[in-house]
Amino acid sequence: TSKILNLDNNIEEEIEAENININQQNEQVEDDQEALDEEGMRNTFLFFFLKKLNFDLIFSVDTKNPSLFPSEPVAYIFVMLLLMMQGKYLTLEGCEVVMFFLNIVLTYLNLEFRFPKKLSTFITRMKFNENVYKGVKKYVACKSCHSIYEIPENNSDRSVHATCRFASRISSTSRLVLERCNTDLYTVSRSGKLNPTMTFVYNSIITTLRQFFSRKNFMKEINSWRKRKLQKEGYVFDVMDGDVWKSFKIDKTDNVPFVDASNSNLMLNFNLD
């Protein structure tokens, strides 16, 4: 009799557990359905919202001077926001979505400035590369011999010099070019545009140093080593602690070491591991 009672109790517990599981599944289905309904409502709202917008007004551009930053404070803030976010925090598509909704705000604020549809147009219009990456230049590089060439802006100019012209073989007697590299420098996109196969980016040392020297306290910082003492006698912790740094002369006949001739004299060192 006790075995039969235990068996009945086990069956009742299994049935109760199964009912609880079914109820939980039903609740999950209801929650998923509610989430789908909410998403559908949002998409429906977005559809009718976008349908009522005047796209010609949203993307109308001030053609008088489209290359300058906007004079309107709100539009200026939007431009600076996008310049800081693009490339690091937003993808290309993400930037274009943000520009679209910023244009909606600008439209309803009755402001004149408008963002373009494409991010590339915005970058060109704001002269972003010229103002932010001044001194940085990109070259097309040969993937075979690593020769570099300037990148023409026009597609037709790129097609004229589409292959590497490095002289891989030269006659030892006549010094005439016997063979050139002739590796393709560009690949053709679906739209027919010639894109560099490989690029080399050069940052101008002169431009960079000009920017550094214009910074506040830069001169003070590059001379801070003069007042630094050895952390432990007999031990060298940095290149500035060595005798070569302190005694180096451009010409052996110079009266003073190079670093003492002027506070703005700089020495560059290469760190190799």
Side-chain angles (χ1 to χ4, degrees), residues 34-139 151-155 189-193 195-196 199 201-221:
E34 290 179 2
L36 291 173
D37 292 342
E38 290 180 3
E39 183 178 357
M41 290 176 63
R42 285 196 299 269
N43 292 337
T44 303
F45 169 76
L46 183 61
F47 172 77
F48 285 107
F49 174 70
L50 297 178
K51 190 176 181 180
K52 292 183 178 181
L53 292 177
N54 186 337
F55 284 85
D56 293 333
L57 185 61
I58 289 175
F59 288 106
S60 61
V61 178
D62 181 10
T63 56
K64 295 180 180 178
N65 204 344
S67 63
L68 297 178
F69 280 81
S71 58
E72 299 159 332
V74 174
Y76 184 88
I77 293 173
F78 286 168
V79 167
M80 295 304 299
L81 172 67
L82 194 63
L83 287 176
M84 294 178 66
M85 297 290 288
Q86 68 90 23
K88 186 174 182 180
Y89 302 103
L90 291 174
T91 62
L92 186 148
E93 292 82 2
C95 285
E96 292 176 353
V97 171
V98 171
M99 288 193 298
F100 174 79
F101 282 98
L102 289 178
N103 278 345
I104 296 175
V105 177
L106 294 171
T107 302
Y108 283 96
L109 289 177
N110 292 322
L111 300 177
E112 293 184 0
F113 183 81
R114 295 291 184 275
F115 290 94
K117 293 182 180 180
K118 297 294 183 181
L119 179 63
S120 57
T121 307
F122 171 74
I123 294 298
T124 303
R125 184 183 301 169
M126 294 295 109
K127 298 183 178 180
F128 185 72
N129 293 331
E130 179 181 337
N131 294 324
V132 178
Y133 296 119
K134 189 175 183 180
V136 178
K137 190 171 184 178
K138 184 184 290 186
Y139 297 87
I151 305 176
E153 293 185 3
N154 299 326
N155 210 48
S189 66
R190 292 181 178 179
S191 61
K193 184 179 180 181
N195 297 317
T199 57
V201 181
Y202 171 74
N203 186 13
S204 171
I205 296 177
I206 295 176
T207 304
T208 302
L209 289 177
R210 283 175 178 169
Q211 293 173 347
F212 284 175
F213 274 99
S214 64
R215 293 177 180 175
K216 186 179 180 180
N217 296 327
F218 180 76
M219 284 288 294
K220 180 181 178 182
E221 292 294 331

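By convention here, the first residue in the shown sequence is residue 1.
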Run Y202 and Y139 through ring pair (Phe, Tyr, Trp, His ring centres under 6.0 Å) and show every step you take.
CA-CA 8 Å; Y202 171 74; Y139 297 87; 7.1 Å; no

Kindly determine whether K138 and I151 satisfy side-chain contact (heavy atoms from CB on, under 4.5 Å), including the steps that lead there.
CA-CA 7 Å; K138 184 184 290 186; I151 305 176; 4.0 Å; yes

Steps toward side-chain contact (heavy atoms from CB on, under 4.5 Å) verdict (L106, F115):
CA-CA 9 Å; L106 294 171; F115 290 94; 4.0 Å; yes

Chi angles and distances behind the side-chain contact (heavy atoms from CB on, under 4.5 Å) call for K118, E96:
CA-CA 6 Å; K118 297 294 183 181; E96 292 176 353; 3.6 Å; yes

Evaluate side-chain contact (heavy atoms from CB on, under 4.5 Å) for I123 paired with Q86, printing each intermediate quantity in order.
CA-CA 10 Å; I123 294 298; Q86 68 90 23; 4.0 Å; yes

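Ring geometry for F218 against F213 counts as perpendicular: the plane angle is over 60°, on a 0 to 90° scale with 30° as the lower cut.
Between the CZ atom in F78 and the CG atom in L111 there is a gap of 8.5 Å [rounded to 0.5 Å]. Note that CG of N103 is 8.0 Å distant from CZ of F100, once rounded to the nearest 0.5 Å. A distance of 13.0 Å separates CZ of R210 from CD1 of I205, quoted to the nearest 0.5 Å. Put simply, CG on N110 and CD on E72 are 10.0 Å apart, with the number rounded to the nearest 0.5 Å. To the nearest 0.5 Å, atoms CG (L82) and CG (L102) are separated by 7.0 Å. Rounded to the nearest 0.5 angstrom, L109 CG and I104 CD1 are separated by 12.0 Å.
Side-chain atoms of T121 and R125, non-hydrogen and from C-beta on, do get closer than 4.5 Å to each other. F101 places none of its side-chain heavy atoms less than 4.5 Å from the side chain of V105. In this structure, F122 and L83 have side chains that are in contact, with non-hydrogen atoms separated by less than 4.5 Å.
The number of heavy atoms from other shown groups lying within 6.0 Å of CE (M84) does not exceed 12.
Checked by atom type and distance alone, the side chain of T207 never pairs as donor or acceptor with a backbone atom of S204 at under 3.5 Å. For N195 (side chain) and S189 (main-chain N/O), no donor-acceptor pair under 3.5 Å exists by modelled atom type.
In plain terms, the two heavy atoms of N155 and G192 that are nearest each other are ND2-O, 3.1 Å.
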